[in-house]
Amino acid sequence: MPASLCGTWEILNSTNLEGYMIALGIGSSMRKIALKLKQHKVIEQVNDKYVIKTLSTFRNYAFSFRVDEEFDEHTKGLDNRNCKSLVTWKGNRMVCIQNGEKKNRGWAHWIEDDKLHLELYCEGQTCKQVFKRVA
Ligand code: VL7
């Protein structure tokens, strides 16, 4: 049973968010704004339904899903694409594959040393983020 991802998390560090955003086709002015944001993650679970919220002072992004059940994801306010997404557990990692126009796209969340880790990847670019628990 993997450690629970649920809670409220504040970003500690981020690597290659720039490369990830370029891979998504985000323009330079939006990338500049995004790089300055202090992101929070809120992860909630009710029965078999998860909600993941990425919060910032500029914009929020949230979606909900059930593990092992493909869903339609619209990355509204990010790169504004439609994906067929699927979240599964791989050992202690919650992994998502985002099938769509962008190749080799997805993310993985896991707990390590009481921190929430996130890898976001797209077309050969990987952004790594670490969050500390705040609630
Ligand atoms: C989502 C940044 C940058 C476009 C706006 C910046 C607003 C705050 O997808 C994500 O996480 C997964 C796993 O937790 C859940 O979807 C990360 C933020 C990463 C992508 C794209 C810049 C425009 C940022 C919402």
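The figures that follow rest on heavy atoms only: side chains count, while hydrogens, waters and symmetry mates do not.
Tracing side-chain contacts under 4.5 Å through hydrophobic residues (I, L, V, M, F, W, Y), one never reaches Val42 starting from Val67; they form parts of separate clusters. Connection of Val130 to Leu116 is not established within any shared hydrophobic cluster, with ILVMFWY side chains joined at heavy-atom distances below 4.5 Å, either directly or through further cluster members. Residue Phe131 is grouped with residue Ile111 when hydrophobic side chains (ILVMFWY) are merged at heavy-atom distances under 4.5 angstrom, including chains of intermediate members. Following chains of ILVMFWY side-chain contacts shorter than 4.5 Å, one can reach Leu118 starting from Tyr50, so the two form part of one hydrophobic cluster. Residues Trp9 and Ile11 share a hydrophobic cluster, clusters being chains of Ile/Leu/Val/Met/Phe/Trp/Tyr side chains in contact below 4.5 Å.
Although no hydrogens or angles enter the test, the distance criterion places a donor-acceptor pair under 3.5 Å between the side chain of Arg59 and the main chain of Gly77.
With a 4.5 Å cut-off on side-chain heavy atoms, Leu12 and Lys115 count as touching. Counting only heavy atoms from C-beta outward, the side chains of Ile52 and His109 approach each other to under 4.5 Å.
With salt bridges taken as basic N to acidic carboxylate O contacts below 4.0 Å, none links Arg133 and Asp114. The pair Asp113-Lys132 does not meet the salt-bridge criterion, since no charged nitrogen lies less than 4.0 angstrom from a carboxylate oxygen. For Lys53 and Glu44, the salt-bridge test passes: some basic side-chain N is under 4.0 Å from an acidic carboxylate O.
Residue Ser85 holds its OG atom at 13.0 Å from CD of Glu69, rounded to the nearest 0.5 Å. A distance of 7.0 Å separates CZ of Arg81 from OG1 of Thr75, quoted to the nearest 0.5 Å. Between the CG atom in Leu24 and the CG atom in Asn80 there is a gap of 10.5 Å [rounded to 0.5 Å]. Atom CG of Leu35 and atom CD of Glu18 lie 5.0 Å apart (nearest 0.5 Å).
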What side-chain donor-acceptor pairs closer than 3.5 Å can you find for residues 120-128, not counting sequence neighbours?
unit_1	atom_1	unit_2	atom_2	d
Glu123	OE2	Lys103	N	2.8
Gln125	OE1	Asn16	ND2	2.9
Lys128	NZ	His117	ND1	3.1

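Other residues, nucleotides and ligands contribute over 12 non-hydrogen atoms within 6.0 Å of the NZ atom of Lys49.
Heavy atoms only, all atoms of each residue included: Leu86 and Glu70 are closest at CD1-N, 3.6 Å.
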Could you give me the CA-CA distance, side-chain angles and deciding distance for Val87 and Cys96, then say whether side-chain contact (heavy atoms from CB on, under 4.5 Å) is met?
CA-CA 4 Å; Val87 179; Cys96 179; 3.9 Å; yes
